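This report refers to the structure that appears directly beneath it.
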Amino acid sequence: MGNTEKLMNQIMELKFTSKSLQRQARKCEKEEKEQKLKVKKAIEKGNMDGARIYAENAIRKRTEHMNYLRLSSRLDAVVARLDTQAKMQVIGKSMGTIVKSLDSALATGNLQKMSETMDKFEQQFVNMEVQAEFMEGAMAGSTSLSTPETEVNSLMQQVADDYGLEVSVGLPQASAHAIPAKENEKVDEDDLTRRLAELKARG
């Protein structure tokens, strides 16, 4: 029983750490929104260099936010695995009891008792399979997020659109970050795809 208790304590600590990571993720999300608001104010003042810096900060905060969430998700998967292990230890003990009951039923030729014992036996395996499937699903849930090169311009354009500001960040400028005019249509499409992916991730 000592091992099971130790395992349960580890599970509790990991759950606490996961919640802490989720709090950090929410903090980064809040800071991202603050940086986006600064992008809006800088665009209103015509300060495109400042807007670009704030957009870069917002993207960095979004990346941190996603990293914290991803790490929290991976921790949750580990917790689920340890939780399964703790249950398996309990199941292992109950399996011993079931085998003894089955031996007793076979010895007496009691078909009703044999049937009930086999039902219990099969149910234990069903529970184990369900837990294994849940684990696989949890582990597969951790996906990577790529940041496209044009994200700074896209974010600036998005903020401008959200607030109805007239700005054309896609036009070639004396900046290494400027995007060629021929890519403008692709950027809009990429931006919509990215926004949809974000909404799905948050949902």
Side-chain angles (χ1 to χ4, degrees), residues 12-81 134-203:
M12 290 303 293
E13 280 187 31
L14 287 171
K15 280 183 178 175
F16 179 78
T17 306
S18 176
K19 288 211 182 324
S20 176
L21 289 169
Q22 284 168 19
R23 274 197 300 275
Q24 288 294 329
R26 284 194 293 273
K27 188 182 170 191
C28 287
E29 191 176 24
K30 186 185 171 190
E31 287 172 4
E32 181 198 344
K33 285 176 184 172
E34 287 169 1
Q35 291 298 318
K36 279 185 178 179
L37 201 59
K38 288 180 181 178
V39 171
K40 176 220 172 201
K41 288 176 181 173
I43 290 172
E44 281 175 338
K45 291 175 184 174
N47 178 9
M48 299 312 287
D49 287 337
R52 191 173 298 280
I53 290 165
Y54 295 134
E56 285 171 357
N57 290 343
I59 289 162
R60 191 168 59 250
K61 285 297 167 187
R62 180 190 300 158
T63 304
E64 283 178 32
H65 169 238
M66 292 308 297
N67 286 341
Y68 278 126
L69 281 184
R70 199 176 296 119
L71 192 54
S72 170
S73 171
R74 289 176 71 182
L75 258 184
D76 286 343
V78 170
V79 166
R81 183 175 283 173
F134 173 77
M135 270 305 307
E136 283 170 21
M139 292 305 279
S142 299
T143 55
S144 61
L145 183 79
S146 60
T147 307
E149 242 179 77
T150 56
E151 198 159 354
V152 172
N153 286 321
S154 295
L155 190 135
M156 288 171 68
Q157 191 66 59
Q158 179 194 329
V159 170
D161 291 346
D162 289 347
Y163 291 98
L165 301 172
E166 288 296 322
V167 66
S168 185
V169 295
L171 292 175
Q173 298 170 9
S175 165
H177 297 287
I179 50 170
K182 65 180 178 181
E183 286 185 20
N184 284 358
E185 288 178 26
K186 188 176 182 297
V187 169
D188 289 342
E189 197 173 298
D190 288 347
D191 192 37
L192 284 172
T193 306
R194 180 179 53 74
R195 284 198 225 175
L196 187 63
E198 282 176 5
L199 285 171
K200 281 181 181 176
R202 287 178 188 178

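These figures come from a predicted structure and were not determined experimentally.
Partners of Ile53 according to the side chain to side chain contact (heavy atoms under 4.5 Å, CB included) rule, which considers only residues two or more places apart in sequence or in another chain, are Asn57. Shown here are the side chain to side chain contact (heavy atoms under 4.5 Å, CB included) partners of Lys38, two or more places apart in sequence or in another chain: Gln35, Tyr54. Every side-chain hydrogen bond (donor to acceptor under 3.5 Å, both in side chains) that Asn67 has, sequence neighbours left out, goes to Arg70. Remark: Glu34 engages no residue in a salt bridge (Lys or Arg N to Asp or Glu O under 4.0 Å) (not counting sequence neighbours).
Using a cut-off of 4.0 Å between Lys/Arg side-chain N and Asp/Glu carboxylate O, Lys40 and Glu44 are scored as salt-bridged. A salt bridge is absent between Arg60 and Glu56: the closest approach of a Lys/Arg side-chain nitrogen to an acidic carboxylate oxygen does not fall below 4.0 angstrom.
Using a 4.5 Å heavy-atom cutoff, the side chains of Leu75 and Lys15 are not in contact. Here the side chains of Lys36 and Arg62 are in contact, with some heavy-atom distance below 4.5 Å.
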* **Residue pair Arg52, Met48: steps toward the side chain to side chain contact (heavy atoms under 4.5 Å, CB included) verdict** => CA-CA 6 Å; Arg52 191 173 298 280; Met48 299 312 287; 5.9 Å; no

* Asp161 and Val159: CA distance, side-chain angles, deciding distance, side chain to side chain contact (heavy atoms under 4.5 Å, CB included) verdict -> CA-CA 5 Å; Asp161 291 346; Val159 170; over 6 Å; no

Side-chain donor-acceptor contacts of residues 16-26 below 3.5 Å, not counting sequence neighbours, with atom names and distances?
unit_1, atom_1, unit_2, atom_2, d
Thr17, OG1, Glu13, O, 3.0
Ser18, OG, Ser72, OG, 3.0
Ser18, OG, Asp76, OD1, 2.8
Gln22, NE2, Ser72, OG, 3.0

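Ser73 places no side-chain N or O within donor-acceptor distance of the main-chain N or O of Leu69, the cut-off being under 3.5 Å.
Rounding to the nearest 0.5 Å gives a distance of 10.5 Å between CD of Glu32 and CD of Glu64.
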